[in-house]
There are 2 protein chains.
Amino acid sequence: MLDERKTSILRAIVQEYISTAQPVGSTHIADAPGVRVSSATVRNEMAVLEQEGYLAQPHTSAGRVPTDKGYRFFVDHMTTPGRLDSAASQRVGTFFDGAHGRLEELLHQTTNLLAQVTQHAAVVVGPRAETATVRSVQIVGLSSRVALVVAVFSNGTIDNQTMELDGDTSELRLSAASAHLQTVMIGHSLDAADLKRSSGDAAVDLLCSVGFEALRKGSSDESVFVGGASSMARAFDAVDTVRNVLRTLEQQYVVVSLVRDVLNRGLTVAIGAEHGVEPLVACSVVVAPVMVDGDQVGTIGILGPTRMDYPQALATVDVVSERLARRLGEGAA
Amino acid sequence: MLDERKTSILRAIVQEYISTAQPVGSTHIADAPGVRVSSATVRNEMAVLEQEGYLAQPHTSAGRVPTDKGYRFFVDHMTTPGRLDSAASQRVGTFFDGAHGRLEELLHQTTNLLAQVTQHAAVVVGPRAETATVRSVQIVGLSSRVALVVAVFSNGTIDNQTMELDGDTSELRLSAASAHLQTVMIGHSLDAADLKRSSGDAAVDLLCSVGFEALRKGSSDESVFVGGASSMARAFDAVDTVRNVLRTLEQQYVVVSLVRDVLNRGLTVAIGAEHGVEPLVACSVVVAPVMVDGDQVGTIGILGPTRMDYPQALATVDVVSERLARRLGEGAA
DNA sequence: CCCTGGCGCTCGCTAGCCTGGAGTGCCAGA
DNA sequence: TCTGGCACTCCAGGCTAGCGAGCGCCAGGG
């Protein structure tokens with residue numbers, strides 16, 4: 001554990017580095033508010049902090065830079081809980097007041113909101129259909145060979161999948177299947193639906209199970225939205241860091257599992273190597289669950305360089321997740 | 001018009017520059033296949049080509065670089081129509097053979113395919129619902145205050161919008177509205193639906209028109225998918241070019257109108273300033289319409305640096321648009 | 001015992017200089 | 001009309017010197 005002075009020195013260093021992105025020297029810290037000692041003392045403390053792994057030196061005789069461990073200590077010992085500046089919080093307010101239309105659209109716009117407010121990349125992982133109950137399900141024929149099965153869930157998500165048909169499936173059979181699916185699925189979650197119950201017609205039963213399986217497969221895909229990836233180009237000046245990060249962000253399954261993983265470990269912040277995604281070691285992730293009625297229906301997060309403004313990031317993510325949850329709650333209540 | 005020799009010299013320069021990204025000098029061209037003159041002659045021709053605006057010099061005593069006009073001449077006078085190498089065409093083949101599931105998913109994956117094959121950013125603009133006829137429409141209540149209106153169109157697209165309800169709208173009214181919408185919309189396009197016809201219940205009529213308007217508003221939004229934006233980080237080494245391009249790509253409406261604009265002018269290739277989007281002057285766009293039964297149901301395109309491999313790009317875009325059209329045709333026939 | 005001021009030292013960054021090489025433009029001769 | 005040759009230009013890269021920021025260490029003082 002660090003004593004009070006080390007703590008405030010470390011805090012000052014992190015804050016300074018976050019705002020300047022330059023290695024910070026002892027003199028800058030010596031006359032920072034909250035630190036009332038000479039630069040020499042600061043130097044000594046810095047040497048200790050470096051030995052303990054909170055700081056690092058890019059090279060001898062350069063200033064110090066926080067390590068992942070340093071950032072970790074910083075976020076664990078933040079004094080101010082972090083507040084949104086009024087422009088930002090107003091922005092969030094008007095966004096959610098004006099939100100309307102499709103769920104997907106809402107989530108997509110939410111990434112843009114997050115990205116613009118924080119100036120970092122934003123991730124929104126949408127609600128999964130799995131646990132929600134089915135409100136409506138329908139099979140719609142498109143051609144002689146293709147039909148669409150469409151389901152609406154109680155949490156407002158919609159899933160649709162194509163099914164391939166035999167050439168000679170009659171309209172009649174399709175609507176019979178549609179009706180049968182409705183009787184066995186509506187009101188149940190996908191897992192609880194009783195597909196065993198037969199309609200009495202083997203061909204209809206087959207259609208139903210094909211449609212059901214398509215939905216089931218689809219329901220395990222999460223809907224993910226990533227926005228503001230271009231901010232990464234601003235965050236790093238090493239071109240190949242940018243390349244790597246962008247490429248990784250495009251692999252959405254990586255992003256999803258990253259975000260889920262972090263939350264599963266009970267964290268809200270994962271710094272650098274903590275999240276274990278190798279190409280993103282230079283990045284930190286700040287996440288928050290979106291809770292409706294005690295159920296987690298989604299996750300939002302932002303991803304930026306390790307030297308991001310954690311207090312602001314945490315505050316933003318909290319506020320947005322809370323507003324988003326309220327909004328989703330209106331739809332699912 | 002350029003004489004034969006100038007043409008082949010220009011062609012050689014463009015090809016060389018595309019593959020090396022370095023200003024090309026007269027000696028390299030002198031012993032290129034198709035050019036059988038001395039470097040001095042090449043130099044003279046180059047001077048003329050520069051005067052006429054086909055080439056530019058980064059600085060005195062450097063090699064030449066093609067201008068937009070030079071690229072334009074190159075693509076207009078390509079000898080080989082451009083062929084996909086077998087690995088790429090196999091890739092495309094297996095992709096479409098294995099494609100399944102949701103339309104949106106298919107389009108999204110198509111951007112990834114294009115991006116990976118061409119190593120450039122890819123754009124897919126999906127079919128609009130406007131002209132297609134309605135196959136199914138339904139109002140599904142989610143809570144006392146929110147309902148969802150879901151429509152399936154003949155081209156396989158699905159649209160859904162939320163509608164806000166008065167607190168006291170009964171389930172009965174909702175299903176009456178749902179039924180009425182079905183009678184007036186199914187089989188018609190959104191524009192041709194006869195909303196005037198009354199159901200006999202004013203409250204039900206109101207619900208219908210609210211739902212209909214929501215769908216109508218939504219139908220004018222195009223579905224756009226952009227993928228492989230990270231390739232831009234590979235294409236340019238100036239960091240702020242990358243920034244600008246990425247930021248622009250995130251504004252999807254810009255991308256949509258860009259792509260549509262280019263096609264409207266009857267082009268398949270827009271080079272640098274030709275497309276008129278200022279932040280993308282360093283980029284070229286190669287597009288192709290996706291035609292099903294003579295109707296354009298969408299557009300695909302790729303976006304890369306002006307010094308991209310045009311023959312390969314054109315070939316790829318052609319093949320993919322053709323395969324995608326065939327695939328969509330199966331669903332909509 | 002801890003803090004402080006001071007001194008010497010180490011690096012990285014920048015500017016200036018130089019040189020080698022690639023490329024051009026032009027000219028005279030075939 | 002083409003070509004070989006020559007003089008010239010300019011960039012890229014390597015080298016050096018100087019500067020400044022920053023550190024570590026040490027001796028003196030509260």
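The shown structure was predicted, so the numbers you read here are calculated from the model rather than taken from an experiment. Residue numbering restarts at 1 for every chain, and letters A, B, ... go by the order of the sequence lines.
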Next item on the list: To the nearest 0.5 angstrom, please state how far the CG atom of N44(A) sits from the CZ atom of R5(A).
Entry: 8.5 Å
Margin query: Measuring to OP1 and OP2 of dC23(D), would you say a side-chain N or O of T60(A) lies under 4.0 angstrom away?
Written below: no
Margin query: Check whether T268(A) reaches the backbone of V287(A) with its side chain - one donor and one acceptor, N or O, closer than 3.5 Å.
Written below: no
Notebook entry, point to check: What integer distance in Å separates R43(B):CZ from dT9(D):C1'?
Noted result: 14 Å
Next item on the list: To the nearest Å, give me how far apart CG (N44(A)) and C1' (dC23(D)) are.
Entry: 10 Å
Note to self: Looking at H275(B) and C283(B), would you say the former's side chain and the latter's main chain have a donor-acceptor pair under 3.5 Å?
What the structure shows: yes
Next item on the list: Verify whether one side chain among Q119(A) and S231(A) offers a donor that lies under 3.5 Å from an acceptor in the other.
Entry: no
Check: Of E50(A) and H59(B), whose nearest nucleotide on DNA chain D comes first from the 5' end?
Finding: H59(B)
Next item on the list: Indicate whether OP1 or OP2 belonging to dT3(D) is found under 4.0 Å from a side-chain N or O atom of S38(B).
Entry: yes
Notebook entry, point to check: Do any pairs count as a ring pair (Phe, Tyr, Trp, His ring centres under 6.0 Å) and have a residue in residues 55-90 of chain A, sequence neighbours left out, and if so which ones?
Noted result: Y54(A)-F73(A), Y71(A)-Y310(A), F73(A)-H77(A)
Next item on the list: Could you check how far CE of M46(B) sits from P of dC2(D), rounded to whole Å?
Entry: 16 Å
Note to self: Over all strands shown, is A40(B) touching base, sugar-phosphate only, or nothing at heavy-atom distances under 4.0 angstrom?
What the structure shows: base
Margin query: Quick check for you: among dT9(D), dC23(D), dT3(D), whose closest atom lies nearest to any side-chain atom of Q57(A)?
Written below: dC23(D)
Next item on the list: Give S26(A) one of three labels, base, sugar-phosphate or nothing, depending on what nucleic acid heavy atoms sit under 4.0 Å from its own.
Entry: sugar-phosphate
Note to self: In whole Å, I'd like the distance from the CD1 atom of I29(B) to the C1' atom of dT3(D).
What the structure shows: 18 Å
Checklist line | Verdict with reasoning, Q312(A) to R83(A), per side chain to side chain donor-acceptor pair (under 3.5 Å) | finding: CA-CA 6 Å; Q312(A) 191 233 9; R83(A) 293 187 47 74; over 6 Å; no
Note to self: Is the phosphate of dG22(D) approached by R64(A) (side-chain N or O, under 4.0 Å from OP1 or OP2)?
What the structure shows: no
Checklist line | Separation of dG22(D) P from I13(A) CD1 (nearest whole Å) | finding: 12 Å
Item checked: Side-chain donor or acceptor of T7(B) paired with backbone N/O of D3(B) under 3.5 Å -> yes
Next item on the list: With a 4.0 angstrom cut-off to heavy atoms of chain A, pull out the first and last contacting nucleotide of DNA chain C, in 5'-to-3' order.
Entry: dC3(C) to dG12(C)
Note to self: By nearest atom, which of the nucleotides dG24(D), dC2(D), dG22(D) is closest to the R5(B) side chain?
What the structure shows: dC2(D)
